Amino acid sequence: MSGITGWVDFERDLTRERSTVLAMTAAMAQRGPDGEGIWVSRRAALGHRRLAVFDLAGGHQPVALEHDGRTIAVAAHSGSILNHQELRAELVSRGHRFRSAGDTEILLFAYLEWGAEAVHRLEGTFAGVVWDARKQELFLVRDRLGVEPLFYYPTATGLVFGSEAKAILAHPQVDPAVDAEGLQEIFTYSGTPHVAPFLGMHRLRAGHHLLVKAGHTVKTRWWSVEAAEHTDDLDTTVATIRGLLEESISRNLRTEAPLGSLLSGGLDSSGVVGLADRELRKSGERVRTFTVDFAQHAENFKATDTRNSPDAPFAADVVRHLDTDHTTVVLDPADLSDPIARLAVLRAKDYPTPLGDMNTSLYLLARAVGEHAKVVLTGEAADSLFHGVAWNRDPVESTMETFPWVARGVVRDDAAGLGCGLFAPGLLKELAPLEYAARRYRESVSEAPHLPGMSEHEKHMRELCWVHLTNFMENQNGHTERLFKAVGLEVRMPYCDHRLVKYAYNLPWDMQNFDGQEKSLLRAAVRDLLPQSVIERRKTPYPVTLDPGYEAALRTEMHALLDDSQAPVLPLLDVPAARAALKDPEGLNRWARRANVELPIQLNTWLRRYGVRLAL
């Protein structure tokens, strides 16, 4: 149920604009391989691409309520409202009559029953729209943690919206332009919650809704983490985390479509798999797991302080321990440098990112998973909740008054930002990416909720948790959700359950580290489910390929770009520095240095193939 778009215009007759809405909807075809729906009226038009996970035979969108030949309201959404069965029973008791067994009518009737307050009753990850024909109002809403995306673009007489930027860019009034702020976002990976890189376009923030009326819009925050005193002792805290995870897993297993779970062999994904396995065994099912690996990765692997161990042996331990139905997806350099796959990644994400082969490998993993499942569970957000990322614990990177993922690049690679090392000094001076990131960091932490009387260190650690739950998760959600939806897969993140997020945010720092390891509480909560090797494993990020064949392919591609006098990115680069970097035999061995080559290549393709205009 996976892609929405639309257009509201309070002066133009949209019944004549069906072709535009069709084009906007078609732009997201990859998000919904199971069907397309269009609804058009004089002032509003909605489009939907369907990924069927509930009510497989019915459940088509948009859903309209008619009375006496008049439209009362129409709704569509992406993602899943996981408590739709419980809400259905309550709404039926209040007199509403349902025509389908899916979850879209839940949004429609809940809005008609309770208005904007209905959002507090919805659980799951979703982005939704309701057109209230009686009041001539458009209502847009995004889930609490922002797992499902939603963008909008105000016009002189209305508004255009979509699950992805590409749907909005398909509208003839929208100029695919990117200004300095857009490039600053791309260069710093700041993840500013309301910013879309495209000029004039906005991202609806997580936990917000937007009401659009003739002449004005009203944006409202309807959910956020709140500060609360933590009074539970250690044993109660561990038990509470376990209980909240069990409840979240149970809800996230609800689907009528085939389901799987990603497994890296790390604590986060293994915990999800262990809890899902325990729940599924009650009905005689096994959990289906998927791991990505690289050809000759064991031979090429060299431990670093960031990536200290390959995933495959630990994933294998979990598979043996739980007896999962397992598939390992093995990728080689040709897979990762395949121009078709790289173009698919750029199209899925709508703009370049510095993640390079992590983008491509995740896309290829998703494509392989899609042969077996339509819904997949991940361990995303556990690091944000339980401070699993190494930079939060580094005494320098965590205290540089900027996003710690930006600080890591500065400290370890003398970078001007993530992937900025080969751009022209004049451009970097104009964009000032590090100053931009620091400003966005200050804006973010100024919103972080605190309790009076907290120590400065406790306050700072909460601020780091906050920027991960807001800015970093915008990046990660946009990374994982977009690449999986690009192959028609719904991704679910059990750690994003709002009850768990609220509880974890308020955990004292000394309790978070009670046994001296990162994610102490999460380890304790799932210890009985997993092999000891996984429980004791240090945090290791998503893997990157270390195969020299991939580096050779990147060098070849960058040489070709530098030799192309018509390359649109060329005026933005420090060409002598780029040529020098390519001659350095060690230049691409570290991932952050490799990003300096990856980002210009992506940016060049973006400008050339997608007609993006730089408004600098």
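This is a predicted model, so every value here is computed, not measured.
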Pair Arg492 + Asp497: basic N to acidic O under 4.0 Å: no
With sequence neighbours excluded, tell me which residues meet salt bridge (charged side-chain N to carboxylate O under 4.0 Å, His left out) with Asp335. none
If you take all heavy atoms of Tyr542 and Ser361, which pair is closest and at what distance? OH-OG, 3.0 Å
Establish, from distance only, whether the side-chain atoms of Asn471 and Ser444 form a donor-acceptor pair under 3.5 Å. yes
Report yes if some heavy atom in the side chain of Met473 is under 4.5 Å from a heavy atom in the side chain of Leu145; otherwise report no. yes
Would you find a donor on one side and an acceptor on the other, under 3.5 Å apart, between the side chain of Lys166 and the backbone of Arg347? yes
Could you tell me whether a side-chain N or O of Ser80 sits under 3.5 Å from a main-chain N or O of Leu82, the two making a donor and an acceptor? no
Strictly distance-based, threshold 3.5 Å: is any side-chain N or O of Glu518 a donor or acceptor partner for the main-chain N or O of Val389? no
Taking C-beta and beyond as the side chain, do Leu262 and Thr289 meet within less than 4.5 Å on heavy atoms? no
Donor-acceptor contact below 3.5 Å, side chain Arg537 vs main chain Gly265: yes
Those residues that, when tested against Asn359, pass side-chain hydrogen bond (donor to acceptor under 3.5 Å, both in side chains) (two or more places apart): Lys349, Thr353, His479
Student check: side-chain heavy atoms of Leu428 and Cys420 closer than 4.5 Å: yes
Can a donor-acceptor pair be found, under 3.5 Å and without considering hydrogens, that links the side chain of His208 to the backbone of Ala206? yes
Any donor-acceptor pair under 3.5 Å linking the side-chain atoms of Glu148 with those of Ser163? no
Is a donor from one side chain sitting under 3.5 angstrom from an acceptor on the other, for Asp103 and His77? yes
With sequence neighbours excluded, tell me which residues meet salt bridge (charged side-chain N to carboxylate O under 4.0 Å, His left out) with Glu474. Arg142, Arg203
The ring pair (Phe, Tyr, Trp, His ring centres under 6.0 Å) partner of Phe472 among Trp391, Tyr441, Trp466 is Trp391
Smallest separation among heavy atoms of Leu599 and Gly419, with atom names: CD2-O, 3.6 Å
Of the non-hydrogen atoms in Leu422 and Asn596, which two are nearest, and what is the gap between them? CD1-O, 3.4 Å
Just by modelled atom types, is the Leu263 backbone N or O under 3.5 Å from a matching donor or acceptor in the Thr291 side chain? yes
When you compare the side chains of Tyr495 and Ser384, does any donor N or O come within less than 3.5 Å of an acceptor on the partner? no
Taking side chain as C-beta onward, heavy atoms only, is Leu500 less than 4.5 Å from Ser248? no
Are Arg440 and Tyr436 close enough that a side-chain donor and a side-chain acceptor fall under 3.5 Å? yes
For Glu397, which residues count as a salt bridge (charged side-chain N to carboxylate O under 4.0 Å, His left out) partner, sequence neighbours excluded? Arg408, Arg412
I'd like to know if the side chain of Ser446 and the backbone of Glu443 have a donor-acceptor N/O pair within less than 3.5 Å. yes
Between Gly370 and Leu489, what is the shortest heavy-atom contact and its length? N-CD1, 3.8 Å
Arg608: partners by salt bridge (charged side-chain N to carboxylate O under 4.0 Å, His left out), with sequence neighbours left out: Asp564
Arg31 and its side chain to side chain donor-acceptor pair (under 3.5 Å) partner, picked from His48, Glu481, Glu490: Glu481
With distance as the sole criterion, is a donor-acceptor pair present between the side chains of Thr328 and His326 under 3.5 Å? yes
Which heavy atom of Asp357 sits nearest a heavy atom of Thr545, and at what distance? OD2-N, 3.1 Å
Picking from Leu140, Thr5, Ile168, Asp350, what satisfies side-chain contact (heavy atoms from CB on, under 4.5 Å) with Phe151? Ile168
Taking atom types as modelled, find out whether Ser2 and Arg49 have a side-chain donor-acceptor pair closer than 3.5 angstrom. no
Do the charged groups of Glu551 and Arg594 touch, with an N to O distance under 4.0 Å? yes
Side-chain donor/acceptor of His468 to backbone N/O of Leu464, under 3.5 Å: yes
Can you find a pair of side-chain heavy atoms, one from Asp179 and one from Leu614, that are under 4.5 Å apart? no
Mind running ring-ring contact (aromatic ring centres under 6.0 Å, His included) on His209 and Trp223 for me, showing each step along the way? CA-CA 10 Å; His209 56 66; Trp223 186 86; over 10 Å; no
Which distance, rounded to the nearest 0.5 Å, do you find between the CD1 of Ile249 and the OG of Ser261? 7.0 Å
Are the side chain of Asp143 and the backbone N or O of Val147 linked by a donor-acceptor pair below 3.5 Å? yes
Please determine if Arg342 and Glu598 form a salt bridge, counting it only when a charged side-chain N lies under 4.0 Å from a carboxylate O. yes
Quick check: do Leu483 and Leu365 have side-chain heavy atoms less than 4.5 Å from each other? no
Can you say whether the rings of His297 and Phe301 are parallel (under 30°), tilted (30 to 60°) or perpendicular (over 60°)? perpendicular
Mind checking what makes side-chain hydrogen bond (donor to acceptor under 3.5 Å, both in side chains) contact with Gln296, not counting sequence neighbours? none
Would you say the side-chain atoms of Ser269 and Ser264 include a donor-acceptor pair closer than 3.5 Å? yes
Phe423 and Phe187: CA distance, side-chain angles, deciding distance, ring-ring contact (aromatic ring centres under 6.0 Å, His included) verdict: CA-CA 10 Å; Phe423 286 96; Phe187 282 9; 4.6 Å; yes
side-chain hydrogen bond (donor to acceptor under 3.5 Å, both in side chains) assessment of Thr192 paired with Glu185: CA-CA 7 Å; Thr192 307; Glu185 279 291 313; 2.4 Å; yes
With side chains defined as the heavy atoms from C-beta onward, is the minimum distance between Leu362 and Val292 less than 4.5 Å? no
Answer yes or no: is there an ion pair linking Lys485 with Glu164, defined by an N-O contact shorter than 4.0 Å? no
Pro354 vs Ile186 side-chain heavy atoms within contact, under 4.5 Å: no
Show your working on ring-ring contact (aromatic ring centres under 6.0 Å, His included) between Phe290 and His372 and close with a plain yes or no. CA-CA 10 Å; Phe290 300 88; His372 308 280; 5.8 Å; yes
Polar side-chain atom of Thr378 near backbone of Glu380 as donor-acceptor pair, under 3.5 Å: yes
Is any side-chain N of the basic residue among Arg442 and Glu447 closer than 4.0 Å to the acidic one's carboxylate O? no
Looking only at heavy atoms, what is the nearest atom pair of Ala368 and Val329, with distance? CB-CG2, 3.6 Å
